[in-house]
There are 2 protein chains.
Amino acid sequence: MANLTAFFNCDDRTMEQDPALPSLNQEPELLKTVLNKEGFRFTNQRQKILDLFQSAALGHHLNAEEIHQQLLDQGEKISFSTIYRALHVMVRLGLLQELELAEGRKYYELNTPFMNQHHHLVCVHCGDVKEFEDAKMTQVGSNESASHGFSLLNCQFTVYGICPSCQSLLS
Amino acid sequence: MANLTAFFNCDDRTMEQDPALPSLNQEPELLKTVLNKEGFRFTNQRQKILDLFQSAALGHHLNAEEIHQQLLDQGEKISFSTIYRALHVMVRLGLLQELELAEGRKYYELNTPFMNQHHHLVCVHCGDVKEFEDAKMTQVGSNESASHGFSLLNCQFTVYGICPSCQSLLS
DNA sequence: AACCTATTGAAAATCATTTTCGCTATCCAT
DNA sequence: ATGGATAGCGAAAATGATTTTCAATAGGTT
Ligand SMILES: [Mn+2]
Ligand SMILES: [Mn+2]
Ligand SMILES: [Zn+2]
Ligand SMILES: [Zn+2]
């Protein structure tokens with residue numbers, strides 16, 4: 001059972017984890033290389049989606065809905081099935097990271113090498129998200145997974161609370 | 001927007017966070033007290049659900065489906081709506097903790113005082129979960145939330161990986 | 001005991017995500 | 001370049017967990 005979504009769900013193909021996390025930040029055409037290396041095809045839609053993340057403000061997370069809307073806004077027509085499939089593939093390839101920030105939908109952001117991983121402080125009332133880094137997290141995560149013989153995929157430290165402005169609203 | 005589920009979703013009533021985390025471990029009738037204190041009513045269904053958690057093995061997490069099944073097995077008839085409502089109320093009261101372990105459904109477990117909070121190492125392939133404690137986590141969580149002026153509700157550190165036996169299966 | 005209203009169960013509704021399927025476009029080999 | 005095999009696409013239907021609606025009931029209070 002289990003078989004968690006983004007990791008093993010790109011249509012019906014056998015998938016294994018990819019230890020190398022390519023950082024294709026500005027590099028042109030790198031997406032095609034990364035995709036093809038694993039037997040995936042390069043498509044316009046996938047490039048457009050990745051572009052969104054690369055041009056998004058740091059600390060900004062996107063969900064499928066927002067991706068769809070932003071692409072519509074910029075004149076691109078794309079279906080939700082394609083968006084979801086692309087997100088899964090890119091998570092699988094280590095290009096994106098899937099986040100469980102809260103409220104029943106998944107958010108995505110550009111993946112970063114383990115050592116620079118950051119974490120999230122979320123206001124459960126307005127959804128505001130603050131990012132922070134802390135080397136201790138990464139350390140504890142890899143220690144734990146190692147000590148249980150797990151191969152590490154990623155760590156998420158999420159702190160839930162109520163932000164200052166929501167606190168005053170709720171007086 | 002946002003208004004995250006379990007925290008603010010017990011039918012339509014104004015809810016605010018409850019700083020006191022009652023630990024009603026073995027205490028009889030304490031559930032009634034805790035519920036009434038906040039204007040909720042004590043019901044048989046809520047008691048039955050809480051009982052499940054109290055008699056569950058340590059480190060065991062339950063989702064709505066499992067709760068429903070276990071109650072059926074022990075001869076109790078209960079609807080899913082009631083289960084979900086009860087879970088929300090009990091999270092709201094600090095009796096339970098909601099976990100985003102993975103795979104699109106929520107899990108619950110008895111809440112524990114902040115300082116004893118534990119975290120999870122999840123195998124994304126088979127869903128196996130290992131628990132671990134680490135004081136550093138809690139520390140970082142409260143520091144972060146404090147430094148942003150957030151009032152802390154809870155911290156979840158979740159490490160995703162592949163367990164030893166799944167690693168060999170995927171040779 | 002009577003009253004007010006929170007809670008319940010059943011059924012319908014949501015809603016994010018997944019699947020199906022016929023068609024198209026990408027990749028690889030000729 | 002050309003052609004074939006098939007991964008990927010869009011549209012629409014399907015899923016599945018969770019939420020909501022609503023009439024009936026039960027908990028807490030006076
Ligand atoms: Mn982030
Ligand atoms: Mn646990
Ligand atoms: Zn807020
Ligand atoms: Zn496993």
Side-chain angles (χ1 to χ4, degrees), chain A residues 1 3-15 29 31-33 35-49 62-69 71-72 76-92 98 100-108, chain B residues 1 3-15 29 31-33 35-49 62-69 71-72 76-92 98 100-108:
Chain A
M1 61 166 297
N3 233 28
L4 309 193
T5 51
F7 294 98
F8 299 89
N9 219 7
C10 319
D11 280 341
D12 283 319
R13 188 190 323 201
T14 303
M15 322 204 80
E29 298 299 311
L31 176 57
K32 178 171 185 349
T33 311
L35 284 165
N36 291 348
K37 189 186 316 173
E38 299 285 329
F40 294 105
R41 292 179 181 175
F42 173 85
T43 69
N44 228 274
Q45 291 90 330
R46 287 170 180 180
Q47 182 67 66
K48 288 293 180 345
I49 292 175
L62 296 170
N63 60 43
E65 174 78 41
E66 292 166 338
I67 291 170
H68 186 250
Q69 189 56 55
L71 288 181
L72 276 191
E76 306 291 338
K77 195 173 14 214
I78 189 173
S79 73
F80 273 103
S81 10
T82 299
I83 294 175
Y84 282 112
R85 281 181 292 229
L87 291 172
H88 293 160
V89 170
M90 295 199 270
V91 167
R92 164 67 181 66
E98 184 181 66
E100 314 265 5
L101 291 183
E103 75 176 275
R105 57 175 56 174
K106 290 179 183 141
Y107 284 83
Y108 298 84
Chain B
M1 62 165 297
N3 232 27
L4 308 192
T5 50
F7 295 97
F8 299 89
N9 219 8
C10 320
D11 280 340
D12 284 320
R13 187 188 324 199
T14 303
M15 321 204 81
E29 297 301 309
L31 176 57
K32 178 170 184 353
T33 310
L35 283 165
N36 291 348
K37 189 185 318 174
E38 298 286 329
F40 294 106
R41 292 179 181 175
F42 172 85
T43 68
N44 227 275
Q45 292 91 329
R46 288 170 178 177
Q47 182 66 67
K48 288 293 179 349
I49 292 175
L62 296 171
N63 60 43
E65 172 78 41
E66 293 166 338
I67 291 170
H68 186 250
Q69 188 55 55
L71 288 180
L72 277 192
E76 306 292 338
K77 196 173 13 214
I78 190 173
S79 73
F80 274 101
S81 11
T82 300
I83 293 175
Y84 282 111
R85 281 182 291 229
L87 290 172
H88 294 159
V89 171
M90 295 198 270
V91 168
R92 162 68 180 66
E98 184 182 66
E100 314 266 4
L101 291 183
E103 75 175 275
R105 56 173 59 173
K106 291 180 183 137
Y107 283 83
Y108 298 84

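Order of the sequence lines fixes the chain letters, A, B, ..., with proteins taken first and strands second; residue numbering starts at 1 for each chain.
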Discussion item. On DNA chain C, compare the nucleotides closest to Phe80(A) and Asn44(B); which residue's is nearer the 5' end?
Written reply: Asn44(B)
Practice prompt. In whole angstrom, give the distance that lies between atom OH of Tyr84(B) and atom P of dT14(C).
Written response: 18 Å
Worksheet item: Of all the nucleotides listed (dT26(C), dG28(D), dT7(C)), which has the minimum atom distance to the side chain of Phe40(B)?
Response: dT7(C)
Discussion item. Measure CD/Glu98(A) against P/dA16(C) and give the value in whole Å, please.
Written reply: 15 Å
Discussion item. For a quick check of understanding: with a heavy-atom distance under 4.0 Å over all strands, which category does Glu65(A) fall into, base, sugar-phosphate or nothing?
Written reply: nothing
Discussion item. Within the 4.0 Å heavy-atom criterion, would you say Ser81(B) contacts the bases, only the backbone, or no part of the nucleic acid?
Written reply: base
Worksheet entry | Gap between atoms CZ and C1', on Arg105(B) and dG16(D) respectively (whole Å) | 9 Å
Worksheet item: Roughly, in whole Å, what's the span from CG in Leu87(A) to P in dT17(C)?
Response: 9 Å
Fill in: Rounded distance in Å - NE2 (His88(A)) to C1' (dT19(C))
12 Å
Worksheet item: So what does Asn63(A) touch, heavy atoms closer than 4.0 Å: a base, only the sugar-phosphate, or nothing?
Response: nothing
Discussion item. At less than 3.5 Å, do the side-chain atoms of Arg46(B) and the base atoms of dG27(D) form a donor-acceptor pair?
Written reply: no
Worksheet, complete the sentence: Arg41(B) has its side chain closest, among dG27(D), dT18(D), dT17(C), to dG27(D)
Response to the item:
Of dT8(C), dT20(C), dA17(D), the nucleotide closest to the side chain of Arg85(A) is dT20(C)
Discussion item. Quick check for you: among dT17(C), dG9(C), dT18(D), whose closest atom lies nearest to any side-chain atom of Ala64(B)?
Written reply: dT18(D)
